[in-house]
Enquirer: 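Below you'll find the structure I mean.
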Amino acid sequence: MDALTPLEPEIHRLIKVAGPMPVAEYMSLCLTHPEHGYYTTRDPLGRDGDFTTAPEISQMFGELIGLWAAAVWRQMGSPPNLRLVELGPGRGTMMLDMLRAAQVVPGFRAAIVAHLVEISPALERRQRQTLGGVDVPLLWHRSLDDIPNGPLIVVANEFFDALPVHQAVKLADGWHERQVGLDAEGNLAFVHAAATLAHFEGTLPEAARSAPVDSIFEWRGQQAVFEIARRIGQDGGATLAIDYGHTESECGDTLQGVVRHAYADPLDTPGLVDLTAHVDFHAMAVAADSMGVSVHGPLTQREFLSRLGIERRADTLKHRATPAQAAEIDSAVERFLNAGTGGMGQMFKVIAFADPKLGVPPGFEH
Ligand code: SAH
């Protein structure tokens, strides 16, 4: 048996007591265990951390999202009390850039209370530092459920990929839930439940039903989407979610570990590496649609940011920039929009859910 991380004995104990656990439970423990979870214990972002996100690459990203939110607020009829909610705000950078950019829209900032939904005490501390000088009321919550009712705009960048994912593997006799158990040497290993998942095949999209043996299908509980959609339906508003993933549900094992900007085995060093899985935008859209809100997109990040005018924003910034800063701005735009390796343009998608009364949110016009 390899050396253990602080979380590993706890996982071994749970498996010994209750048997192998679903991949989703494993992922949840690894990321958000109250003492030893990956997010609970650290700030993983940035060049010196494990991964970099769009708001950390350039201020333009948050600024455009801020202008998007202000435009949606106007579509809502400029309500005087708006909950501006961010799910998983990381270092608080996007919120800071959003609020600064949105100053240009009269009345918007005065209408806002910002609600930050963050499960990690370490990142909450970081967000409080980043947003220390901001003159908008800020409230932190561990869960979306704790936000008071009322009109809201929700934004989430790279949040949904961090939510626990379930996996099923297709065997000769049908689909079985994939689990994490212990092998003969006592190391963590992927196994599967003995029983087949009843009625599972019928819930799958057409393309996955005829999948060959050994195929893997992933799904998430859509609690967050249901809760956001319920609130939008009740009090009005919209949501914008940006993440990497696929527009159509399909088979594939996308669970991955990431550490120091490189892929890692998801079963190695639990609690010390980031775990993510692609977002199934189709499944999110179906969940939102079932709650009666209107669904816009998904679009590629390239298309969305282009429509919001990122090129124009970059030009404006470059007027005031040194040559080195101008080069940085160009390289950020390229990274946001590019389809190739290292580029986010194609891999990242953007979806919005809105109160049907609102019309089409900016960027999603046909
Ligand atoms: N949006 C930020 C950070 C993305 S990393 C950015 O783009 O830079 C994912 C974020 O979601 C982190 O802040 C993490 O702590 C938070 N998070 C992960 N799981 C969560 C959960 N279940 N509830 C609330 N926040 C969560």
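FYI, side chains are in, hydrogens and waters are out, and symmetry mates aren't considered; it's all heavy atoms of this structure. Ligands are counted one by one from 1 in listed order, and the atoms in each one are counted from 1 as well.
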Enquirer: Please state which protein non-hydrogen atom is closest to atom 4 (C) of ligand 1 and give its distance, to 0.1 Å?
Expert: Glu158 O, 3.4 Å

Enquirer: Hey, does Met94 sit under 4.0 Å from ligand 1 if you only count heavy atoms?
Expert: no

Enquirer: May I ask you to identify the nearest protein heavy atom to atom 11 (O) of ligand 1, giving residue, atom name and distance to one decimal place in Å?
Expert: Gly88 CA, 3.2 Å

Enquirer: Which one of Val273, Leu45, Val259, Leu272 satisfies the side chain to side chain contact (heavy atoms under 4.5 Å, CB included) criterion with Asp50?
Expert: Val259

Enquirer: Could you tell me, atom by atom, which parts of ligand 1 come under 4.0 Å of a heavy atom of Gly90?
Expert: 2 (C), 3 (C), 13 (O)

Enquirer: Side chain, backbone, both or neither: which applies to Ile119 and ligand 1 if a contact is any heavy-atom pair less than 4.0 Å apart?
Expert: both

Enquirer: Just one of Phe304, Phe336, Phe281, Tyr244 clears the ring pair (Phe, Tyr, Trp, His ring centres under 6.0 Å) bar with Phe348, so which one?
Expert: Tyr244

Enquirer: Against heavy atoms of Leu45, which atoms of ligand 1 measure under 4.0 Å?
Expert: 8 (O)

Enquirer: Under 4.0 Å from any heavy atom of Ser120, which atoms of ligand 1 are there?
Expert: 15 (O)

Enquirer: So which heavy atom in the protein is nearest atom 6 (C) of ligand 1, and how far is it from that ligand atom?
Expert: Thr53 OG1, 3.3 Å

Enquirer: Can you measure from OG1 (Thr276) to CG (Leu163) and round to the nearest 0.5 angstrom?
Expert: 11.5 Å

Enquirer: So does Gly363 get a backbone contact from the side chain of Arg307, meaning a donor-acceptor N/O pair under 3.5 Å?
Expert: yes

Enquirer: If you compare all heavy atoms of Ala285 against all heavy atoms of Phe353, which two are closest, and at what distance to 0.1 Å?
Expert: CA-CE2, 4.4 Å

Enquirer: So which heavy atom in the protein is nearest atom 7 (O) of ligand 1, and how far is it from that ligand atom?
Expert: Asn157 ND2, 2.8 Å

Enquirer: Can you tell me if CG on Asn149 sees more than 12 non-hydrogen neighbours from other groups inside 6.0 Å?
Expert: yes

Enquirer: Among Val180, Thr32, Val165, which one satisfies side chain to side chain contact (heavy atoms under 4.5 Å, CB included) with Met27?
Expert: Val165

Enquirer: So, applying side chain to side chain donor-acceptor pair (under 3.5 Å) with His166, which one of Arg220, Glu177, Glu218 is it?
Expert: Glu177

Enquirer: For ligand 1, note which part of Leu123 has a heavy atom under 4.0 Å away: side chain, backbone, both or neither.
Expert: side chain

Enquirer: Checking contacts here: is it the side chain or the backbone of Leu31 that comes within 4.0 Å of ligand 1, counting heavy atoms only? Could be both or neither.
Expert: neither

Enquirer: Report the nearest protein non-hydrogen atom to atom 15 (O) of ligand 1: residue, atom name, distance rounded to 0.1 Å.
Expert: Glu118 OE2, 2.6 Å

